[in-house]
There are 2 protein chains.
Amino acid sequence: MTVSLQDIALRAGVSTKTVSGALHGGSARMAVETRERIQKLADDMGYVTNLAARGTRQGWIPLVAIVADELITTPFATEILRGLDNAMQGKDMAVIATNLSAGRSIEQVHAEVRRFRPRAMAYAAMYHKVVALPPGLADGFAVMINCRDADGRVPSLVPDDEGAAYDITRHLIARGRRRIAFINLPGLLAGELREAGFRRALREAGLDDAGARVLPAVARKTYSDRAHSLVADHVPMLLDGPDSPEAILAGNDRVAMEIYAALRRAGRDIPGDVAVASFDNQVDLATRLDPPLTTMALPHREMGRLAAERLLSDELNPPAVQKLAFRLVERQSV
Amino acid sequence: MTVSLQDIALRAGVSTKTVSGALHGGSARMAVETRERIQKLADDMGYVTNLAARGTRQGWIPLVAIVADELITTPFATEILRGLDNAMQGKDMAVIATNLSAGRSIEQVHAEVRRFRPRAMAYAAMYHKVVALPPGLADGFAVMINCRDADGRVPSLVPDDEGAAYDITRHLIARGRRRIAFINLPGLLAGELREAGFRRALREAGLDDAGARVLPAVARKTYSDRAHSLVADHVPMLLDGPDSPEAILAGNDRVAMEIYAALRRAGRDIPGDVAVASFDNQVDLATRLDPPLTTMALPHREMGRLAAERLLSDELNPPAVQKLAFRLVERQSV
DNA sequence: TTAAGTTGGGTAAACGTTAACTCAACATCA
DNA sequence: TGATGTTGAGTTAACGTTTACCCAACTTAA
């Protein structure tokens with residue numbers, strides 16, 4: 001049915017090795033006319049390379065397997081995939097994406113996907129976190145996206161949460177805001193790092209005591225949609241307190257939306273009375289708020305792009321953790 | 001490095017065939033103790049099946065390749081993928097997704113992805129359309145999602161646009177609206193079908209002459225974000241005309257949003273004066289509009305799910321075109 | 001003129017797996 | 001007792017590539 005190298009060799013009156021060389025063997029020495037004759041023949045016969053067969057010889061298939069800890073179809077994952085995909089263009093690599101859903105452990109999914117003998121593996125997390133990786137993942141080409149290995153054996157690409165909070169806080173200060181509150185996401189690595197960056201910026205500006213406060217956005221330790229929001233309680237408390245803030249930094253755009261609502265109920269103008277800034281840049285949300293929200297965009301696509309570059313670079317990278325800067329998206333809330 | 005069947009066979013003192021049978025050969029006759037001994041050994045040695053090697057033998061790899069005509073990372077494609085992925089759970093199949101972007105023809109992408117020898121292929125379109133497929137795609141397992149083959153050689157799953165327009169129009173009629181206008185998307189197959197369904201519902205209700213009108217939402221033949229919108233012109237014209245509509249059906253949620261704005265400018269209440277309904281169910285948009293929009297949800301996930309079932313059913317399906325119903329999402333705009 | 005290198009291509013083995021045969025040992029039945 | 005299964009496993013040959021090795025013919029240089 002499908003035509004193989006041998007079929008072509010037979011028709012061309014040469015050996016399969018010659019056909020293989022003619023079609024795939026870059027600059028191997030070979031008569032130009034032979035090569036062209038074979039290429040034409042292969043074309044006419046409708047030859048399609050069998051990567052599976054090549055894979056048995058090489059030990060791998062030109063496939064990058066990406067394992068994600070949550071639905072691969074969320075907007076964040078989509079951005080990562082897009083970055084990966086763009087960087088793969090023309091590299092003769094395909095991407096195979098798997099989910100870690102439905103009670104399957106990392107080990108299981110890893111084993112499942114390894115059966116395909118992918119050239120490289122990427123592990124992607126939805127939220128910046130530290131994970132424990134199965135031992136095998138460290139062999140061969142691997143990279144972690146939006147997370148770090150607990151043992152530091154695998155190179156990682158993570159967002160620079162500390163730096164992002166530092167930058168946005170400095171941005172607020174530069175706009176003349178001195179009393180700044182931060183309604184943060186509790187229980188998350190990103191939240192911890194951002195709080196550190198927030199405090200560093202204030203410290204450097206000598207604003208430690210100018211009414212800076214960090215409050216949790218939700219009641220429970222782990223942030224999820226169903227956790228009870230504390231924003232509606234915190235905002236009036238902040239406004240009525242002694243050091244009413246001139247700016248509120250939100251843990252993400254959803255929290256910012258709630259802050260908008262609370263400020264509106266309190267009759268405050270944004271950004272006239274209180275500036276609001278945030279993290280995530282969920283475009284649908286941020287642009288539709290009134291006023292449109294100034295927010296720090298996560299470097300998801302950048303992480304995907306760099307992941308692809310690392311995986312395709314053919315040299316085992318040192319297992320470094322590379323921090324990627326957020327991008328400030330200025331709208332009208334500051 | 002990686003352990004093979006032969007390595008296990010050597011250690012177990014049996015032949016590779018026996019190991020293969022013990023690990024993969026379903027109910028082949030074999031001593032239970034031998035099987036268990038080998039399975040344990042394989043586990044201890046960290047054996048991972050080599051699907052590439054198996055693939056050379058079988059002629060295919062347990063891979064479903066999906067080729068999409070636009071960015072695989074759009075929300076619609078995401079829904080299709082989600083449906084596919086769900087249905088694949090536990091079926092021992094992986095999905096490999098490719099884009100038809102950057103000037104690559106269907107033929108090229110098809111040839112590229114065929115090199116992996118996937119078990120099945122799916123072709124997915126972003127918008128309901130008829131496409132010309134490369135000949136090879138009809139061989140083996142294949143299915144078309146959200147589009148039809150011009151020659152009808154490949155089984156297809158398409159949304160029932162005619163029926164959806166019929167249903168939503170009947171819904172409007174059932175709510176007492178008699179004069180209904182339809183601001184449709186021009187130049188699209190979906191638009192044509194929907195217009196037919198719209199007219200059928202009116203005809204059946206004897207409302208042919210009750211002021212029914214179909215107008216294009218944009219000036220150009222092909223709908224895109226940059227096409228000049230005609231909604232702001234059409235709506236006042238409709239309202240000021242002799243048969244001011246009691247309901248307006250929109251080509252999609254974005255058009256509905258523009259209709260909202262135009263009605264508001266004209267001082268009309270939704271749904272008091274004019275009901276609005278639409279197609280797409282872009283949740284972000286539809287729920288945030290005021291009032292929330294009643295709209296027909298496309299069966300994207302359903303298409304993905306059925307595609308997976310068809311592809312995995314092991315029997316060549318007759319190349320039928322299966323139409324899938326939209327789902328009415330009732331909110332407050334009717 | 002001859003030794004050495006170059007050019008173009010063939011041979012055969014290997015990659016890890018599966019499948020078509022084969023075969024010995026044992027059980028069953030007339 | 002012998003014919004007939006049945007059970008369990010080994011042998012061998014594929015699948016379509018790539019690669020290590022080899023060799024003949026020709027070219028080049030001393």
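Since the model is a prediction, treat every value here as computed from it, not as a measurement.
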- Message: Side chains of A/Tyr47 and A/Leu5, heavy atoms from C-beta outward: is any pair under 4.5 Å?
- Response: yes
- What one should report as the nearest heavy-atom pair of A/Arg117 and B/Thr49 is NH1-O, 3.2 Å
- Message: Using a strict heavy-atom distance below 4.0 Å, which residues from residues 45-53 of chain B are in contact with DNA chain D?
- Response: none
- Here the distance between atom C1' of C/dC15 and atom CZ of A/Arg54, to the nearest Å, is 14 Å
- Euclidean distance, A/Arg301 CZ relative to A/Asp85 CG, rounded to 0.5 Å: 10.5 Å
- Query: In this structure, which one of B/Leu298, B/Val143, B/Ile145 forms a side-chain contact (heavy atoms from CB on, under 4.5 Å) with B/Met303?
  - Reply: B/Ile145
- Side chain to side chain, B/Arg115 and A/Asp92, heavy atoms closer than 4.5 Å: yes
- Message: With heavy-atom distances below 4.5 Å as the criterion, would you say the side chains of A/Ile106 and A/Tyr123 are in contact?
- Response: yes
- Message: Any base atoms under 4.0 Å from A/Gln6, or only sugar-phosphate, or nothing? Heavy atoms, all strands.
- Response: base
- Note on the structure: Separation between CE (B/Met93) and CD1 (B/Ile61), nearest 0.5 Å, reads 11.0 Å
- Task: Taking all heavy atoms of A/Arg305 and all of A/Ala87, pick out the closest pair and write down the distance.
- Result: O-CB, 3.9 Å
- Task: For B/Lys129, look at atom NZ and say whether over 12 heavy atoms of other residues, nucleotides or ligands are found less than 6.0 Å away.
- Result: yes
- Taking atom P of C/dG16 as reference, at what distance in whole Å does atom CZ of A/Arg57 sit? 9 Å
- If you walk 5' to 3' along DNA chain D, what is the first nucleotide with an atom under 4.0 Å of a heavy atom in chain A, and what is the last? D/dG16 to D/dT19
- Query: Is the phosphate of C/dT18, meaning OP1 or OP2, less than 4.0 Å from a side-chain N or O of B/Ser20?
  - Reply: yes
- Query: Around B/Arg11, counting heavy atoms of other residues, nucleotides and ligands shown, do more than 12 lie under 6.0 Å from its CZ?
  - Reply: no
- Query: If the sugar-phosphate is the primed atoms plus P, OP1 and OP2 and the base is the rest, what is the B/S/- string for nucleotides 5-10 of chain C, using protein heavy atoms under 4.0 Å?
  - Reply: --BBBB
